[in-house]
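The next block holds one structure in the form of structure tokens; read it before the comments.
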Amino acid sequence: MTKLEPLNSAAAAFLSRVEHGLLIDGRETPALSGQSIDSFDPSTGQVLTRLAAGGPEDVDRAVAAARAAFEGSWSRWTPYQRQLLLIRAHDHLSAHYEELAQIESADMGAPISRTRAMKNAVLQMILFFASQAVNVTGETMQNSLAGNVTTLTLKSPVGVVGGIIPWNGPLISQWWILGAALAAGCTVVMKPAEDASLSVLRVVQMLHEIGLPDGVVNVVTGTGAVAGARLAAHPDVDRVAFTGSTATGRRIIEASAVNMKRLQLELGGKSPDIILADADLDKAVPGAAMGVFTNSGQVCFAGSRVFVHRSIVQEVTERLAAHAAGIAVGHAFDSTSQLGPLVSRAQLERVMHYIGIAPAEGAQLAGGGNRPEGSPAGGYYVRPTVFGNVHNDMTIAREEIFGPVISVIPFDTVEEAIQLGNRTEYGLGGAVWSRNIDSALQVVKSIRTGTMWVNCYGLIDPMVGFGGVKNSGYGIKGSRAHVEAYLATKSVYISS
Ligand code: ADP
């Protein structure tokens, strides 16, 4: 029997609660309907706790609280005050990070080694947004108007932001929204995913512990079809930041029409990871493997289509399979686990469905494809899986699996790799592995995607940002442009 790491006292206290309410206007409150939904521990399949099932009327009161805060005292907070709040958030989360890592691992199943390793990424993102709070600038422009007219632009926060996020890493993904909103002076209603809401609830509690005014950030847990849909369609929400599936993204776009909401959408992906004949395979193989397997493949920009030059495709497929076989899959609180379970039974069934249909379409299973032996009964585990001899038109190469499944697709020329890489509805990430800078740049420039990596995969710095094109959505995350999108611009003409 594997020895599991014990919870620290703070995480144990939070996780032992049988039910968690909504956070509205600085207070915890049950859903008005009194209903709740089960939240499961992916490592065991047991019920972890219950979450209030927010209904439309709960979203309405959360939006009302966010509107009141936006127009109330929060609107008089100076940029330096908002920056200081974010710096305090950085310090408080840093001091209590172990508690958050444990809550996240228990809730969505990522191994504790991974959630611990995310510490710097979470804290640096908060620091980035803290810097942006004091970096909001309009412009003065010359003009050709008659008379003595001065022209300039003013920036102001867009208002109430609805944040709808998925379950694959809420501890970090909530900060793309909270950080930008707090830096810009907006207020927020968060709707975390029903499978992983706990780190959002705990982070927002922590923000109140360091002086966040009531109503500035509210959390409505519940289902996407009810709470998410109401938030996306709410006439008093000015902006929605959404990360999730392309299908839901379409619904969010439709719902936004009611009041012309501004949107930021990070949707699905089927990113190409291209290994050229001259690549350093000692880097490319583990890089491409972990470009898919990281977080058990539950990453929007996973490089799940690995294109390999035909001259090395057999060697690379075997080495990817060997890499996959060496990965320890297990309970989130087993410190030796490199990958944890998938987030839910539904996700496990979805991944096993794709693994099941691939051979019938001609893909060859090179490694994995099964449940790991000896993993806790009831947990949602699957071994990292490699399929060779995949064709770009097969189902596993077209549809987003969101699991640890690599499709190896051979190619003969760089031009063909580019053409195949672009043959997808998505455009989120992508990479090229090569020792030749000219070939690498050719690929970088030709792949239609929001982000490209060269001889690495998945690096992200909020200062630089990343985004998507095509059906992967729009609106960059990170960089100055991100905060700019939380600001409205007013043109001012002054005649004197
Ligand atoms: P995933 O496949 O990653 O779960 P979803 O798009 O289903 O992606 O879910 C992402 C987030 O969107 C979750 O918080 C979910 O509850 C929410 N959601 C799902 N359906 C809707 C909807 N119709 N309107 C708004 N939010 C939704």
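Whatever order the structure lists ligands and atoms in, that order sets their numbers, starting from 1. Only this structure's heavy atoms are used, side chains among them; waters, hydrogens and symmetry mates stay out.
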Checklist line | Part of I165 with heavy atoms under 4.0 Å of ligand 1, whether side chain, backbone, both or neither | finding: backbone

Margin query: On a heavy-atom basis, which atom in V329 and which in P372 lie closest, and how many Å separate them?
Written below: CG1-CG, 4.0 Å

Note to self: Please list, in number order, the atoms of ligand 1 under 4.0 Å from a heavy atom of K191.
What the structure shows: 14 (O), 15 (C), 16 (O)

Note to self: Looking at ligand 1, is there an atom of it that comes within less than 4.0 Å of some heavy atom belonging to F402?
What the structure shows: no

Item checked: Identity and distance of the protein heavy atom lying nearest atom 26 (N) of ligand 1 -> G228 CA, 3.5 Å

Item checked: CG on N295 to CE on M108, rounded to 0.5 Å -> 4.5 Å

Next item on the list: Please work out whether the ring planes of F466 and F301 are parallel, tilted or perpendicular, with thresholds of 30° and 60°.
Entry: perpendicular

Margin query: For atom 2 (O) of ligand 1, what's the nearest protein heavy-atom neighbour? Residue, atom name and distance, please.
Written below: S245 CB, 4.0 Å

Item checked: For atom 23 (N) of ligand 1, closest protein heavy-atom neighbour -> R251 CD, 3.8 Å

Note to self: Please state which option from E254, Q347, E194 has its nearest heavy atom closest to atom 16 (O) of ligand 1.
What the structure shows: E194

Item checked: Test salt bridge (charged side-chain N to carboxylate O under 4.0 Å, His left out) applied to R116 and E104, E99, E5, the passing residue -> E5

Item checked: The one among N168, T248, I164, T243 that brings a heavy atom closest to atom 10 (C) of ligand 1 -> T243

Check: Can you tell me if P192 has a non-hydrogen atom under 4.0 Å from ligand 1?
Finding: yes

Note to self: Between T221 and S197, is there a side-chain donor-acceptor contact under 3.5 Å, judged purely by atom types and distance?
What the structure shows: no

Notebook entry, point to check: Which protein non-hydrogen atom lies closest to atom 4 (O) of ligand 1, naming both residue and atom, and how far is it?
Noted result: W167 NE1, 3.1 Å

Item checked: Ion pair check, R67 and D238, cut-off under 4.0 Å -> yes

Next item on the list: Starting from atom 19 (C) of ligand 1, find the nearest protein heavy-atom neighbour and note its residue, name and distance.
Entry: G224 CA, 3.5 Å

Check: Under 30°, 30 to 60°, or over 60°: which ring-plane class applies to F402 and W167, parallel, tilted or perpendicular?
Finding: perpendicular

Check: Which ligand 1 atoms, with their elements, are less than 4.0 angstrom from a heavy-atom of I252?
Finding: 25 (C)

Item checked: Short side-chain to backbone donor-acceptor contact, E194 and G224, under 3.5 Å -> yes

